[in-house]
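The structure appears right after this line, and notes come after that.
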Amino acid sequence: MIRTGRAGEGERMDPTGEASRDWSRSAAAYEHGRRSVGGGAATSVRAGWRPHPLFFTHGSGPRIVDVDGHSYVDHVLGWGPLLLGHAHPVVTAAAHAQLDRGVLFGSSSPAEVTAARRFLAALGWAERMLWTNTGTEAVQIALRLARAHTGRDVVVKLGGGYHGWHDTVLAGYRDYGDDGVARGHSAGQPASALTDLRVARYGDLPGTAALLEREAGRVAAILVDPTSSNTGSVEPPPGYLAGLRALADTHGAVLIFDEVVSGLRLSLAGATGRFGVVPDLATYGKAIGSGIAVAAVAGRGDVVDLVTRGVVHSGTFNGNPLATAAVLATLDVLGADGVYPALDRAAVALADDLRAVAVRAGHVVDVRALGATVVATPGVERVAGPDDFLRADPTWWSHELIPRMLAHGIYLLPGGRLFLSTEHGAAEHDETVAAFAAVLTRIRPPVTARPPSRTATHRGRPTWDSSTGRSS
């Protein structure tokens with residue numbers, strides 16, 4: 001692993017006594033990038049990073065190094081995929097071996113079948129699966145299967161869930177109320193793409209039931225991120241997922257869990273393994289390939305097998321041998337005894353210590369752990385779902401905290417999530433907590449949110465607010 005010695009090495013102090021770092025090479029790379037890459041970075045969210053996007057050269061274990069030579073404890077982890085940290089030796093060995101044999105054959109390979117069998121065995125509930133390449137694609141495949149299975153078109157998604165950038169689901173992420181209306185989030189997104197999408201409140205079973213009654217006989221699927229991964233990463237309210245299961249059964253709809261983010265971060269069997277509720281279909285991505293692009297849809301055999309009866313499922317890179325080699329290696333590591341209990345303990349310990357720091361500093365920050373993820377929400381005393389999360393003070397985190405944490409060698413996501421990996425240990429824990437404590441003495445307290453109005457409608461900007469990072 002990359003080490004820089006003591007916490008804070010590479011820092012300097014500005015005239016106010018604050019830690020600072022020289023990011024001139026990253027700044028220059030960003031300026032050069034703006035001449036050739038739209039927005040100067042590969043995604044609009046990265047382009048909005050403060051003080052500007054950082055450019056990195058390499059990573060190992062829980063650490064990452066930028067072009068200016070600074071090392072960071074990495075809690076971004078590629079926006080979630082690197083559950084095993086950077087360059088895990090088991091994964092890199094499997095990838096190198098496959099690179100020597102070829103990465104794309106235009107046909108099937110034994111690895112895609114072996115990896116599918118292993119993945120289904122790890123999940124423990126799904127009968128069949130399909131390979132694809134990104135979470136956005138996986139969600140679209142699941143919706144197509146649901147519509148083919150039911151002969152219906154309408155999809156009910158739960159507010160606060162982010163299900164990819166596709167026009168048909170990019171709504172109800174920040175901007176939603178009790179009217180069921182799906183409001184788009186991007187310029188250039190046609191209103192016609194959202195004709196068959198409805199939005200219900202996460203955690204509100206009576207409201208969801210009423211919406212389903214209004215759409216009786218028209219709903220193909222209920223689409224939910226079980227833990228609202230992009231807007232709170234919360235434990236579902238008691239009975240909530242079981243209630244959605246019952247509503248789907250009552251209305252003949254397909255229940256889809258979007259586990260692209262949460263997936264292996266919750267357990268080897270995902271949300272079903274942790275909460276005990278079985279969906280009809282589920283989508284996975286990010287962590288299943290340890291940084292190599294791969295995603296999957298898993299679920300009921302009779303639904304997935306519709307690809308043999310008229311449902312088109314295609315993709316040049318689906319199930320390619322490089323990706324499936326990475327899946328197999330990832331499952332090998334995560335399947336070892338004690339991995340998940342250790343991840344849970346590490347996340348709970350970090351959440352506890354960050355919460356204690358905030359309390360001592362007099363800052364209202366809700367900090368909680370769920371699986372291998374810690375989430376800090378400024379200005380809110382307790383987050384139980386996306387409605388609470390969306391009342392936070394996002395500029396406290398993105399404008400006040402992140403740049404200063406970077407100067408202390410801690411790399412954080414916008415939006416308050418801190419991802420952990422199997423490689424994060426005591427040193428990374430201590431450095432993160434120490435930096436958090438130092439920074440909180442130098443920034444304003446977050447603006448404390450008012451209690452939510454039950455009838456409130458959450459309104460966001462018509463396009464992504466990349467500075468607050470409320471996307472993924």
Side-chain angles (χ1 to χ4, degrees), residues 139-140 142-143 146-147 150 152-164 166-185 189 191 193-262 271 275 277-283 383-391 452-460 470:
V139 169
Q140 292 301 307
L143 295 180
R147 286 169 167 143
T150 61
R152 305 169 182 173
D153 294 332
V154 172
V155 171
V156 173
K157 66 151 287 183
L158 280 302
Y162 174 72
H163 304 291
H166 198 278
D167 286 344
T168 59
V169 291
L170 187 56
Y173 176 41
R174 297 188 309 276
D175 186 1
Y176 62 89
D178 294 313
D179 54 9
V181 174
R183 300 174 179 88
H185 289 318
Q189 183 180 8
L194 299 172
T195 300
D196 295 319
L197 187 67
R198 309 289 183 269
V199 182
R201 284 186 184 274
Y202 180 95
D204 180 8
L205 285 174
T208 303
L211 178 56
L212 289 165
E213 287 292 340
R214 293 199 300 271
E215 298 286 347
R218 302 184 64 226
V219 177
I222 299 173
L223 175 63
V224 61
D225 178 334
T227 60
S228 197
S229 301
N230 284 275
T231 46
S233 289
V234 296
E235 186 133 351
Y240 178 59
L241 296 182
L244 290 180
R245 174 73 275 174
L247 286 173
D249 292 341
T250 297
H251 290 272
V254 174
L255 179 62
I256 303 171
F257 284 178
D258 182 348
E259 293 206 65
V260 169
V261 176
S262 60
F275 307 118
V277 177
V278 178
D280 298 302
L281 297 172
T283 60
V383 173
D387 285 10
D388 298 321
F389 177 84
L390 292 168
R391 295 186 297 118
S453 166
R454 178 61 189 84
T455 59
T457 297
H458 292 293
R459 300 269 180 176
R470 287 190 167 157

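Counting from 1, the numbers follow the sequence of the chain as shown. Bear in mind the structure is a predicted one, so any value in this text is a computation, not a measurement. These numbers come from the heavy atoms of this one structure, side chains and all, not from hydrogens, waters or symmetry mates.
- The minimum heavy-atom distance between L281 and A142, with the atom names listed, is CD1-O, 3.6 Å.
- Counting all heavy atoms, side chain and backbone alike, L223 lies closest to V139 at CD2-CG1, 4.2 Å.
- The side chain to side chain donor-acceptor pair (under 3.5 Å) check on S229 picks up D225, T227, with sequence neighbours excluded.
- Of all heavy-atom pairs between S228 and V234, the closest is CB-CG2, 4.4 Å.
- Under the ring-ring contact (aromatic ring centres under 6.0 Å, His included) criterion, no residue pair touches residues 208-231, with sequence neighbours excluded.
- For A384, the side chain to side chain contact (heavy atoms under 4.5 Å, CB included) partners two or more places apart in sequence, or in a different chain, are R382, D388.
- A distance of 5.0 Å separates CG of L194 from CD of Q189, quoted to the nearest 0.5 Å.
- Within the structure, ring-ring contact (aromatic ring centres under 6.0 Å, His included) pairs that include any residue of residues 196-240 comprise Y202-Y240 (at least two apart or interchain).
- Within the 4.5 Å cutoff, side-chain heavy atoms of Y173 are placed close to those of T231.
- Residue pairs satisfying the ring-ring contact (aromatic ring centres under 6.0 Å, His included) criterion with at least one member in residues 209-238, sequence neighbours excluded, are absent.
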Exercise for review: Kindly determine whether V169 and L143 satisfy side-chain contact (heavy atoms from CB on, under 4.5 Å), including the steps that lead there.
Suggested key: CA-CA 10 Å; V169 291; L143 295 180; 3.7 Å; yes
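- Residues F257 and V224 meet the side-chain proximity criterion, which asks for heavy atoms closer than 4.5 Å.
- Under the rule for a salt bridge (Lys or Arg N to Asp or Glu O under 4.0 Å), the partners of R245 that lie at least two apart in sequence or sit in another chain are D249, D280.
- When the side chain to side chain contact (heavy atoms under 4.5 Å, CB included) test is applied to V278, the partners found at least two apart in sequence or on another chain are W125, T272.
- Side-chain atoms of E215 do not come within 3.5 Å of backbone N or O of V154 as any donor-acceptor pair.
- Considering all non-hydrogen atoms of both residues, D258 and S262 come closest at O-OG, 4.4 Å.
- Applying the side chain to side chain contact (heavy atoms under 4.5 Å, CB included) rule to A200 yields the partners V156, L158, T208, L211; only residues at least two apart in sequence or on another chain are considered.
- Under the 3.5 Å distance criterion, the side-chain polar atoms of E259 are matched with a main-chain donor or acceptor of A271.
- With sequence neighbours excluded, the residues satisfying side chain to side chain donor-acceptor pair (under 3.5 Å) with T168 are Q140, H166.
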Check your understanding: Can you list the steps and then say if R198 with V219 is a side-chain contact (heavy atoms from CB on, under 4.5 Å)?
Key -> CA-CA 9 Å; R198 309 289 183 269; V219 177; over 6 Å; no
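- Residues passing the salt bridge (Lys or Arg N to Asp or Glu O under 4.0 Å) test with E235: none are found, sequence neighbours excluded.
- Looking at K157, its side chain never comes within 3.5 Å of a backbone N or O of A182 through a donor-acceptor pair.
- Atom NE2 of H251 is separated from atom CD1 of I222 by 7.5 Å, given to the nearest 0.5 angstrom.
- Across every non-hydrogen atom of V383 and G232, the tightest pair is CG1-CA, 4.4 Å.
- Under the side-chain contact (heavy atoms from CB on, under 4.5 Å) test applied with P236, the options V277, L244, L241 reduce to a single match, L241.
- Here A146 pairs with A221, V254, I256 under the side chain to side chain contact (heavy atoms under 4.5 Å, CB included) rule; sequence neighbours left out.
- Here the closest heavy-atom approach between residue D196 and residue D153 is recorded as CB-O, 3.5 Å.
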